[in-house]
Structure formats: structure tokens, C-alpha cells
2 protein chains.
Amino acid sequence: MSEPRGRSTQRHATATDVARLAGVSQSAVSRAFTPGASIARETRARVEDAARALGYRPNAIARSLTTRRSRIIGVAAAYLQNHFYPDVLEALSKGLQARGYHLLLFTPDAARDADPLLQEVLAWQVDALILASTTLSSALAGQCRAAGIPVLLFNRTSRHADVSSVTGENLRGGRLIAEFLVAGGHKRLAFIAGIENSSTSRDREAGFTGWLAEHGHAPPLREVGLYDFEAASAAARRLLARSDRPDAIFVANDHMATAVSEVARHEFGLRIPRDLSLVGFDDTGPARWPSFSLTSFAQPLHPMVDAAVAMVCEMIEDPAAPTRHQVVPGELVVRGSARIPPEGCVSRGDALVWRPVQETVV
Amino acid sequence: MSEPRGRSTQRHATATDVARLAGVSQSAVSRAFTPGASIARETRARVEDAARALGYRPNAIARSLTTRRSRIIGVAAAYLQNHFYPDVLEALSKGLQARGYHLLLFTPDAARDADPLLQEVLAWQVDALILASTTLSSALAGQCRAAGIPVLLFNRTSRHADVSSVTGENLRGGRLIAEFLVAGGHKRLAFIAGIENSSTSRDREAGFTGWLAEHGHAPPLREVGLYDFEAASAAARRLLARSDRPDAIFVANDHMATAVSEVARHEFGLRIPRDLSLVGFDDTGPARWPSFSLTSFAQPLHPMVDAAVAMVCEMIEDPAAPTRHQVVPGELVVRGSARIPPEGCVSRGDALVWRPVQETVV
DNA sequence: TTGAAAGCGTTACCAT
DNA sequence: ATGGTAACGCTTTCAA
């Protein structure tokens, strides 16, 4: 071991090493690894041989420094307990990897405030940032935009900052669910919200209560479940312990809806949907299992992720592009957790969905 | 906009800009942002003011290039459907972020083979790689080690490559479950494996069948569930349709165990644990909900993640450190999905765990 | 098509 | 304690 400075015996081969071995210039090596570059067929072959021999791979970090594009996309995610997000993360990662991007994970720590997270995001020169966390203040989004980093909100929007977003049909879903429950003959409706100031929960609620109000129904009872399993369980307990217990609950997402289902059946001995109808939102994970068989407004994963990938790439290509709010259509998937109205169900693929004869358009 | 070349109006401030404004050298700026550097209190203050004024943050990419440490840790994850992994990912990310590392996500695509993934991992100069995917061949681990990158296997081991790992007590868990089921008076046992050649499934099975053999019991029936919800459901159907239907099934993880529970109750009308006992492994997610109330050998998330974080950091500090296989102790959490033996249950915290009077040591 | 050379934004090593 | 300067490994002009 006569190496004077290497901390590891394994010194990575660099483009210069390859150039020396191939008998070409270092620039030629760079060209050999640049898709559209002008290089002679034979030169490329020589470089490739040498590279193989040395186990050379272009250093992505160095490349990022010169190209000023990191090909890294930051993703701030939390609440991975909610099954929707891991699925999103996996699909996003695959989609972006196919386009040569990688996801750098930022996990907001409730203990620390958002600022250090912002600093880290900025430090890493991410090409874009995807916010898939309801928790994170929209302030972060605004600051990144201000710093010139394209930001995409996934499954949420922001009314303060002017930031692009991909969401499901939160408003329409809420309306449809109201109509569905009323058509099912329910008399005492309730809503369990997620986090109060999250756009997703607000929109779903607005659709729900909006439709009810427009059609002369009493406003629903209301509790807050904070998108959390335990908090949603507690909300359910409060609701179900009332003397005027609701006969139908719309829960702002499936994750909380499964909690409500558990409490209703196992703690209150209620039969679903005989004693209580339950409708969720997302149509993911355990909600589909027979034990829950949840009627739920679907947020179609792949269309949403595809839209997100396309938008992110577009924003990177053209940072000046105008903000867009893409809403991906879903449908109300009917299963066994809520009483089924006499009319309006049509089978679609392997699922049953509900389509009111004449949907009231907002 | 007279800027001739900027693609974005927002050009990031560099250390040179800050130096100019603060009236110091660029080296001084670097020192101001380097924790242990020797710099006068007053100089640092001047630099900090200037930095604040310009919105300056050291460029992590450039830093990585000179320090030859990216402070990025690659994590290859898949099967995020299994609730255990999202939890792991979130905890790992938090733990590493606290130590100044970030996770770069690599999602193996079943369609492509592992080689491009390796190339990408290498290109990114990750400081270490955590493999938290049962799918990925251990070949990847070996190649990374060969390239001088510290590799840590999480929730799996490899017998081919000489790679460090953090796992739960797969072997002991399997043995304990065998003992538990026999003590519960079950006569016809079955095992549902994950992926055949995954160390995790193999070890759990080896513990299970090993104990049975040592104590003169017939070998269990066996099916393969591939760690997949649908495949596990199918395995359960095959098992439960037999004329000599098992009276207890040990399923290699909770994710599959919930599938088995669904099939047993909803398709076969079996009552659990009266007609069938079920034991899983992991003690995560839906398994804890009343609907499943799964008896399961716990893999304690935080101890495992803490161990992983510590080991990764250690490996980065000292790449020559010997391989270590850390086994994090767990215990058999007793709930309602399996008949409870007359003796051996002790309450521990808010859970009931099973401790045979005199555990047979391997 | 090719090679030389100038960055990219840092850190690290020198002298001072 | 400080400033000058040489890397780090690459892409990208610019001439040839």
C-alpha cells in the first residue's frame, strides 16, 4: 500500500484514466457517453472498451456541477402510514427513473420547523420539488418557487402560493358522495375531516356540504380526524356515542375510513352498512379488502402519477411555463360499506361505479 | 431582461458573491460554513450577514465533488405495498437526515434487470447503499462491495456475498411460533413462505420446521405466497380447500397474513381462531387492527432502524470495518388470531407476549 | 471529428 | 486567522 492519500484502495476510474488507456482526449471520453455527441464510431468503440476495462462510469455529481442540472428531484413525503403515499412514491420513482431522474427523499420532522428542510432542498440543487405531504406548509412551496425551483403539489393545492398541482376530483367527489348517500336514503350524515387547513380535506368537504345545502339538506355533523388512524378512531367514537348517531359517514380518506370501520364494528357492534354507511376517498390499500369493502371515490394512482411526471418534466424544460392545476378524473367505486341506492350503479371493468342519471354540474 | 445567458432569471449566489459582498476571501466564506473551521467570530458574522442578504447556501453538489463524499445514501426499495417498508423508509430517512445524510431512492424495475440499477447507484457516488428489497439479487450487493461502496442489507442477509446486515430474529421467531402453536394444541400446521430464495423467508421457515422436527412433530404443509397479497390469497385457498385442512398457519409476514385472514374468513367462512389459528411476522400495520388482531413476531421498527443508521455511519467512517450481522431481538406479540396456550403469556407494556418457561436455545 | 482549455462551486492545502 | 491556489471530474465552447 504505497498510496499516499487514498482513504480507500478503490480509486474510481475517471474520464482521464479512460482517455489515457484509449489513447484519446478526455473530451472524447465525455462525448462517448453523451447521447447526441459528434464522435466517430471507431473512437466511441475504443472508449467503450477502455471504460469497460477500467469499470468506468461518468460521475453524476461532477456532471451535475457542469451541466447545472442535478437530475435529482426532491420529494417531501410524510404520513407514509397512509397507504396511498407509498404507492405514489414507488410509482413516481419508477416513472422518473425511466426519464433519468432520481428522487431524493426529504422527511419533514414535526419537531423541527420547515426552514431547515428548505435549506437542504436548496442546497441539493434539486431540479424540481414534489410536495406530497399535507402537513408541509405551503410557505415552503412559495419559497422554493421564489428560489427558482419548480414545485409541484401532489394531492393538494395551495391558495396562497401560485404553484402547480395534480389532484383528484376532490370537489366533484364530495358532491357525488353527498348525492349517493342521500339517494341511499340516509337521514343523518356526518363528515370526518383530515387536517383542517389541508386543501384536500377542505375541497372534499366543500363538495359534500355544498351539494347538501343546494338540495335543502341539513348540514352534516362534523369531526376532525387529522389523517391519523388514532385521531380518526377518536372522532368516530365521538360521533357514534351520540344519541342522534349518524346513519352515514363520509370520511375524508380511506386510511381514516378503515379506522372508523374498525371502531364502528368492533367497539360499537354496528353492522355495516345496515346500521351505518361509510364512504371513503382514495380507493387504495386495505379499503379494498373484504373486511372493509369500502365504497370510495377513486384517485387513480397511475393517471395521477403520469400526470405528475409529465408536469415535472415540463416545468424543468420550461421554468417560465404558467402554473397549471391538473385534476385527474376518478369515479365513485361502489362496494359494500354503504347502502346502495336503487338506481345509478353501472359496472365498469371489474368494479361497480355510481353514475347519477343527471349529475348536477357545479 | 438584459441577461444574455441565464436560462432562469434567478442565478444562485455563490461563495464568491458572498465573499465580495462581505469583503473577505472566498475561502473565508467556506470556513464560515464549515463547523470546526478556524475563523474569527467577527469574520463569520460578516459572512453570515452577506450570505443572508444574498440568500446563499453552499452548493451540496460542488461540496460533494471536492470532499469526495456525497452524503447521499442510496436505498433500493420495492414492495412498498408491505406496510413494513414505508415505515422503515420514513424512519430511516429521518434518522439519516439528522446525521446529515439523505436518501436517494432506487426502485428496481422488475422489467429491467439489476445491472442498470447498479450503474446508476455507482454513478451517483453514494456513500453507502441500503438494500431493503427482498427481490434484488444479492449479486448487486456483491458488486457494490467490490466497487468499494459500503452495503447494508436491511431485513435480509446474503450467504453469497460478504455483506453486513440488520435483521429481526427470524430463526428464533420461527422456533417460538412452532412452540407456541404446538402449546396451543394445534395438530395440523402449515407454513406459507415469502419468496423462496429470500433469506428472511428461509430463516423463518428453518426455525419453524427445525423446532418441529427436533420435537418429533410432522413437518408442516407448505405453500408459497411470494410476499404478495394476491399470491398469498391463492396459497391460502389451496391450503384451506384441502380435506386435511390445517388448523394453524404460520405466514412468513403480516402482509401476507392479512391476505390469508381475509380468505379464511370471507371465502371459507372460517372463524379465527376457533377454526383456524394464524400467526404472522413483523407486527406492523393492519395486522394490529381489531379486524385482524394478528398474533405476530415483532420486528421492532425503531431498534432496527437505529441499528441500521449506526451501522451505515460506521461503515462510511471506516470502510475497512469487518462485516457484521446484527440481529435485533423481538418478541411474540399475542393477540386474537391464534389459540392461546394455557401458560406462558405475560403482559409487557400494552401488549401480551409469549415466553415459554424454558425456551429451547438453538 | 477531435483536442485544448475554460469553467462549474466547492474544499483543502499552503503560505502568510 | 486569513487569502491565494490547486484540485475535484465533468461538459462545453473554440480552433484546428
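All chains are named by letter (A, B, ...) in the order of the sequence lines, taking the proteins before the strands, and each is independently numbered beginning at 1.
- Taking a 6.0 Å sphere around NE2 of His325(A), one finds it holds more than 12 heavy atoms contributed by other residues, nucleotides or ligands.
- Closest to the side chain of Gln26(A), from the set dC8(D), dT10(C), dC10(D), is dC10(D).
- Between Leu65(B) atom CG and dG7(C) atom C1' there is a gap of 13 Å when expressed in whole angstrom units.
- Residue pairs meeting the ring pair (Phe, Tyr, Trp, His ring centres under 6.0 Å) criterion with at least one partner in residues 36-62 of chain B, sequence neighbours excluded, are Phe33(B)-Tyr56(B).
- Below 30°, between 30° and 60°, or above 60°: for His102(B) and Trp124(A) the angle between ring planes is above 60°, a perpendicular geometry.
- When rounded to the nearest whole Å, the span between CG of Asn59(A) and C1' of dC10(D) equals 8 Å.
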Dump the intermediate steps for side chain to side chain contact (heavy atoms under 4.5 Å, CB included) on Val88(A) and Asn155(A), then the final yes or no. CA-CA 10 Å; Val88(A) 166; Asn155(A) 196 26; over 6 Å; no
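- The distance from atom CZ of Arg63(A) to atom C1' of dT11(D) is 9 Å, rounded to the nearest whole Å.
- Close to dG3(D), at under 4.0 Å from its OP1 or OP2, lies a side-chain N or O of Ser25(B).
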Output a table of nitrogen or oxygen pairs between the protein and nucleotides 13-16 of chain C separated by less than 3.5 Å.
none

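- The heavy-atom pair separating Leu65(A) from Ala62(B) by the smallest distance is CD1-CB, 3.7 Å.
- Separating the CG atom of Asp17(A) from the P atom of dC10(D) is a distance of 9 Å, rounded to the nearest angstrom.
- To the nearest angstrom, P of dC8(C) lies 17 Å from CZ of Arg69(A).
- The 5' end of DNA chain D is approached more closely, in terms of each residue's nearest nucleotide, by Ala28(B) than by the other of Ala28(B) and Ala62(B).
- Residues Leu103(B) and Tyr101(B) have side chains not in contact (no heavy-atom distance under 4.5 Å, counting atoms from C-beta outward).
- Counting only distance, with no hydrogens or angles, the side chain of Asp17(A) and the backbone of Thr14(A) share a donor-acceptor pair below 3.5 Å.
- Annotation: proximity of residues 36-58 of chain B to DNA chain C (heavy atom, distance under 4.0 Å) is found for Tyr56(B), Arg57(B), Pro58(B), numbered in ascending order.
- Taking every heavy atom of both residues into account, Ser164(B) and Arg324(B) meet most closely at OG-N, 2.8 Å.
- Rounding to whole angstrom units, CZ of residue Arg71(A) and P of dC8(C) are separated by 21 Å.
- A residue-by-residue look at Gly23(B) and Thr66(B) shows that Gly23(B) has its nearest nucleotide of DNA chain D further toward the 5' end.
- A donor-acceptor pair is defined here as one N or O able to donate and one able to accept, closer than 3.5 Å; such a pair exists between the side chain of Arg71(A) and the backbone of Arg99(A).
- Residue Leu122(A) contributes atom CG, which lies 15 Å from atom P of dG9(C) at whole-angstrom precision.
- Closest approach to the Arg68(B) side chain among dG3(D), dG9(D), dT10(C) is made by dG9(D) (side chain taken as heavy atoms from C-beta onward).
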